[in-house]
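Please read the structure below before turning to the comments.
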Amino acid sequence: MSRKKIVAGNWKMNMTPSEAVALIETLKPLVANDEVDVVFCVPAIDIIPAQEAAKGTNIQIGAENLYFEEKGAYTGEISPAMLVDAGVKYVIIGHSERREYFAETNETVNKKVKKAFEHGLTPIICCGESLTQREQGITIDWIRQQIKIAFLDVTAEQAKTAVVAYEPIWAIGTGKTATSDQAEEVCAAIRACIGEIYDEATAAAIRIQYGGSVNGGNAAELFAKPDIDGGLVGGASLKPDFGAIVNYNK
Ligand code: 13P
């Protein structure tokens, strides 16, 4: 089974709408690579101008979050239908920053994942351990728990199209990348866990990214691993270096 690589930028809380347009203008010639799915996950307010700026390119615009209700009295939230209507296909769910600062749990992640699928959105489901958990030797147990709950009541057909991002918290924004062996070990365990929940075909189809201080210098080695199907990129997605990550195979 050959899986198409997917490289997604997570802009986090960066770039005003006009800055977003300028950044896309700068990056668009640098990220042309048809062998890779290229996604820019941008702040909600940037989605529409970003779509406009990315028209006619290979850049797909994604979101960084959604809410798990359809509509109504949820001040400040963004519904799945809003994302779909704005032309979004991918949505990051359960990033460690949302778990840490906005009280997201495995259960709310599961609700959001199911809601995303209901609306035809592809979730990029984040998981990852803290440094303490790694040092205590419970990384794989912790990740398996995150994955098992995220995929509760998700069908195999849906799971096949999902993206999982393995992001060790200690590697996010720290410049301390996991070694390619460390990243592969966990990504392989995630694939095995998907195989246990569903079957071999689902495990073989799902795409698993690594995230955490990915840059143009380390992307090729990470993405060469058998269970790593691309990256979720924070800091470097705001710079021309993102082009080097997308073109890791050139
Ligand atoms: P950095 O690439 O800045 O470490 O961030 C990773 C990340 O959190 C992407 O979601």
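As the structure is a computational prediction, the values presented were derived from the model and not from experiment. Counting convention: from 1, in listed order, for ligands and their atoms alike.
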Numbering as shown, the atoms of ligand 1 that approach Ala171 to under 4.0 Å (heavy-atom distance): 4 (O)
Interfacing atoms of ligand 1 (cut-off 4.0 Å, heavy-atom, Glu167):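 This gives 6 (C), 7 (C), 8 (O), 9 (C), 10 (O) as the contact atoms.
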Side chain, backbone, both or neither: the part of Ala236 lying under 4.0 Å from ligand 1 by heavy atom: neither
Part of Asn10 within contact of ligand 1 (heavy atoms, under 4.0 Å): side chain
Indicate yes or no: does an N/O atom of [X] lie under 3.5 Å from an N/O atom of ligand 1?
{"X": "Gly211", "result": "no"}
{"X": "Ser213", "result": "yes"}
{"X": "Gly212", "result": "no"}

Option among Val154, Thr155, Ile149, Asp153 that satisfies the side-chain contact (heavy atoms from CB on, under 4.5 Å) test with Phe151: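 Single side-chain contact (heavy atoms from CB on, under 4.5 Å) partner of Phe151 among Val154, Thr155, Ile149, Asp153: Val154.
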Ring geometry between Tyr248 and Phe223 (parallel below 30°, tilted from 30 to 60°, perpendicular above 60°): perpendicular
Can you tell me the protein heavy atom closest to [atom] and the distance?
{"atom": "atom 3 (O) of ligand 1", "value": "Gly235 N, 2.8 Å"}
{"atom": "atom 4 (O) of ligand 1", "value": "Gly173 N, 2.6 Å"}
{"atom": "atom 2 (O) of ligand 1", "value": "Gly234 N, 2.8 Å"}

To the nearest 0.5 angstrom, please state how far the [atom1] atom of [X] sits from the [atom2] atom of [Y].
{"X": "Gln182", "Y": "Thr179", "atom1": "CD", "atom2": "OG1", "value": "3.5 Å"}
{"X": "Arg99", "Y": "Ser130", "atom1": "CZ", "atom2": "OG", "value": "12.5 Å"}
{"X": "Thr139", "Y": "Gln133", "atom1": "OG1", "atom2": "CD", "value": "7.0 Å"}

Trace of the ring-ring contact (aromatic ring centres under 6.0 Å, His included) decision for Phe40 with Phe242: CA-CA 10 Å; Phe40 288 18; Phe242 194 57; 5.6 Å; yes
Side chain Glu19, main chain Thr16, donor-acceptor under 3.5 Å: yes
